[in-house]
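These notes are about the structure you will find just below.
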Protein chains: 2
Amino acid sequence: MDKHFESYFKAAVSVDNVVFGFDHTGLKVLLIYRGADPYRNCWALPGDLISLDTNLSDSAEKVLQDLTGLDQIYMEQIHTFGKVDRHPYGRVFTVAYFALIKIEDYHLHPSSWAEEAAWFPIGEIPDLPFDHNEILAFAKDQLKTKIRRQPIGFELLPKHFTLTELQTLYESILETEFDVRNFRKKILSMDFITDTGLKQTSVTHRPAKLFKYNAKKYNNLINTGFAFDL
Amino acid sequence: MDKHFESYFKAAVSVDNVVFGFDHTGLKVLLIYRGADPYRNCWALPGDLISLDTNLSDSAEKVLQDLTGLDQIYMEQIHTFGKVDRHPYGRVFTVAYFALIKIEDYHLHPSSWAEEAAWFPIGEIPDLPFDHNEILAFAKDQLKTKIRRQPIGFELLPKHFTLTELQTLYESILETEFDVRNFRKKILSMDFITDTGLKQTSVTHRPAKLFKYNAKKYNNLINTGFAFDL
DNA sequence: CGAATATATTGTAAAAAATACAATAATTAA
DNA sequence: TTAATTATTGTATTTTTTACAATATATTCG
């Protein structure tokens, strides 16, 4: 290698995950309480520096796996942030991902670098270190755009869900309201939400039918030019 | 800084630009003929390693500015690629951008690292070094998605254009065909394409009216909840 | 057991948008 | 003047979106 190149090979790259969860109180983000410098004892996005021998996508998956103990999480790269001074220890680029998890499947699973993790309502995010507030805003925006065009909302709901829950999810994320009848008509006409035949239990009123998302039917549809749009 | 961190600060980050242009023969991509190692004497995406003292976005703009001599180019970050072995000199992550330029405004403007640059039809891209073919495929896909939802097609056309040119642009990128009457109805109903009062000259048949894109009107519209969609 | 309470479920008419389809207009070249 | 070439325009039909409220099914409480 030419001597000339050496000066470039002094940067680090990290991944940061914006992990979304959803329950009846609304959309939430998983933050960790940093146990190590820099910014020890601050709430921050879960992330890690990338080892030189690890692929970018593997690294992002590992962070999530360590944090949640969950497999097969929906995850997507959203943006890379690279301002010169964003990290106190040197030049660190960070590749941001967002992930959607079923909040009920999540059990606290502290990893070595995270002493504590907690869900924060999307409207009550504290000041975060680095440029993490900016990253979070970006991710929230991306989620809003994405959820209208692709059937990823189901990743945030239990396997079986009611149509009311689904509607609440969309209304909450998109910050809008839908007419109950029109929403159901549209969703059901798409034909990849199927009735499980089951009903809610332990509710103190008329129990709702439970539905599930059928990814196979969706994939068949998009191959015929169908476009999801809410 | 803790000794522990040093091993991470040995990566380089580059930017690679997928520069699209359009003329009557279709969509094109600007490639450069590499004059330096690695992969000297290969066609490749224009890009560069990022200096430690340059912000990510500034670096991407600089590559484009050096290559084209143009200002105010539409550019957007699309994805970051970071497989371990993608670069022969060490661990290099690359942040890919796509850019849309008015092909008529482009004049060859060789920069220090590019001996030569040329437009390649999107269907006739040679084998490229690194993971550049993968990056290009990603960018093409992104362009297709993006152009349907945002009025960025105009960035590829001259300031004044005919409706036929606009339709051809969309048909070419989206690989589909539109009915002439319906296409015009839809585009004109959106109200941000305005008639300049001018007409084509030097054509050997009925000259078409020349239109221009009115970004102000578009911005007013989106603030009222309007959604571009083609 | 009946009434009160709470949420779930469903249809229809009107308006808007998308689609399918072909004749006429304006220019240059011969 | 005619031929050639591309530009421009309207309407009827179908599909999709929207607006709007009554009835159904469960639990809890008296």
Side-chain angles (χ1 to χ4, degrees), chain A residues 23-26 148-149 151 157-158 160-172 174 176-212 221-222 224-230, chain B residues 23-26 147-149 151 157-158 160-172 174-212 221-222 224-230:
Chain A
D23 65 20
H24 64 282
T25 68
R148 289 189 49 210
R149 314 282 191 190
L157 291 176
H160 292 172
F161 51 84
T162 71
L163 294 182
T164 301
E165 285 166 349
L166 186 63
Q167 181 170 352
T168 305
L169 170 72
Y170 277 102
E171 290 182 338
S172 168
L174 296 174
T176 184
E177 289 187 11
F178 295 104
D179 174 85
V180 191
R181 284 159 290 190
N182 295 340
F183 179 84
R184 284 163 182 244
K185 226 180 304 174
K186 184 150 191 175
I187 284 288
L188 293 175
S189 77
M190 288 177 180
D191 199 45
F192 49 78
I193 312 286
T194 55
D195 190 337
T196 62
L198 303 172
K199 286 186 176 179
Q200 270 183 322
T201 54
S202 325
V203 289
T204 171
H205 53 76
R206 176 176 179 176
K209 293 183 193 174
L210 291 167
F211 292 80
K212 65 179 176 186
L221 275 177
I222 52 173
T224 67
F226 166 87
F228 182 84
D229 206 324
L230 219 100
Chain B
D23 66 18
H24 64 283
T25 69
I147 205 173
R148 289 189 49 211
R149 313 284 191 190
L157 290 177
H160 292 172
F161 51 84
T162 70
L163 293 182
T164 302
E165 285 166 349
L166 187 63
Q167 182 171 351
T168 305
L169 171 72
Y170 278 102
E171 289 182 339
S172 168
L174 296 175
E175 298 176 282
T176 183
E177 288 187 12
F178 296 104
D179 175 85
V180 191
R181 284 159 289 192
N182 295 340
F183 179 83
R184 285 164 180 244
K185 224 179 305 174
K186 184 151 189 174
I187 284 289
L188 293 175
S189 77
M190 287 177 181
D191 200 44
F192 48 80
I193 312 285
T194 55
D195 191 337
T196 62
L198 304 171
K199 286 186 177 179
Q200 270 182 322
T201 54
S202 326
V203 289
T204 172
H205 52 75
R206 176 176 180 176
K209 294 184 193 172
L210 290 168
F211 291 80
K212 64 180 176 186
L221 275 176
I222 52 171
T224 67
F226 165 87
F228 182 84
D229 206 323
L230 218 100

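Per chain, numbering begins at 1; letters A, B, ... match sequence-line order.
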- Find the distance A/Leu230:CG to D/dT18:P and express it as a whole number of Å. 10 Å
- Query: Taking CG from A/Leu188 and P from C/dT10, how many angstroms apart are they, rounded to a whole number?
  - Reply: 8 Å
- Measure from NE2 on A/His24 to P on C/dA6 and round the result to the nearest Å. 17 Å
- For B/Asp191 and C/dA17, what is the distance between atoms CG and P respectively, to the nearest whole Å? 14 Å
- Nearest whole angstrom, please: distance from the P of D/dA7 to the CG of B/Leu198. 17 Å
- Note on the structure: The residue among B/Asn182, B/Ile187, B/Val180 that forms side-chain contact (heavy atoms from CB on, under 4.5 Å) with B/Arg184 is B/Val180
- Reported NE2-to-OG1 distance for the pair B/His24 and B/Thr168, which is rounded to 0.5 angstrom: 11.0 Å
- Note on the structure: Interatomic distance, CG@A/Asp23 vs CG@A/Leu169, rounded to 0.5 Å, equals 11.0 Å
- Between B/Lys209 and D/dT9, does any side-chain N or O lie under 4.0 Å from OP1 or OP2? yes
- Are OP1 or OP2 of C/dA8 and a side-chain N or O of A/Thr164 less than 4.0 angstrom apart? yes
- Atom pair CZ/CG of A/Arg149 and A/Asp229 - distance to nearest 0.5 Å: 4.5 Å
- Nucleotide C/dA18, atom C1' - distance to CZ of B/Arg184 in whole Å: 18 Å
- Query: For the residue pair B/Phe192 and B/Phe226, does the interplanar ring angle fall in the parallel (under 30°), tilted (30 to 60°) or perpendicular (over 60°) class?
  - Reply: perpendicular
- Nucleotide nearest A/Thr204 (side chain, heavy atoms from C-beta), chosen from D/dT6, D/dA26, D/dT28: D/dT28
For nucleotides 11-15 of chain C, give me every protein contact, N/O to N/O, under 3.5 Å, one pair per line with atom names.
unit_1 : atom_1 : unit_2   : atom_2 : d
C/dT12 : O4     : A/Lys185 : NZ     : 2.7

- Whole Å only: how far is the CD atom of A/Glu165 from the C1' atom of C/dA8? 13 Å
- Item | Distance, nearest 0.5 Å, that separates CG of B/Leu188 from NZ of B/Lys185 | 11.0 Å
- Query: Just checking A/Val180: base, sugar-phosphate only, or nothing, at a heavy-atom cut-off of under 4.0 Å?
  - Reply: base
- Hey, which of these two, A/Arg206 or A/Lys186, hits DNA chain D nearer its 5' end, going by closest nucleotide? A/Lys186
- Query: Distance-only, no hydrogens or angles: does the A/Ser172 side chain make a donor-acceptor pair with backbone N or O of A/Gly26 under 3.5 Å?
  - Reply: no
- Message: Between P on D/dT8 and CG on B/Asp195, what's the gap in Å once rounded to a whole number?
- Response: 9 Å
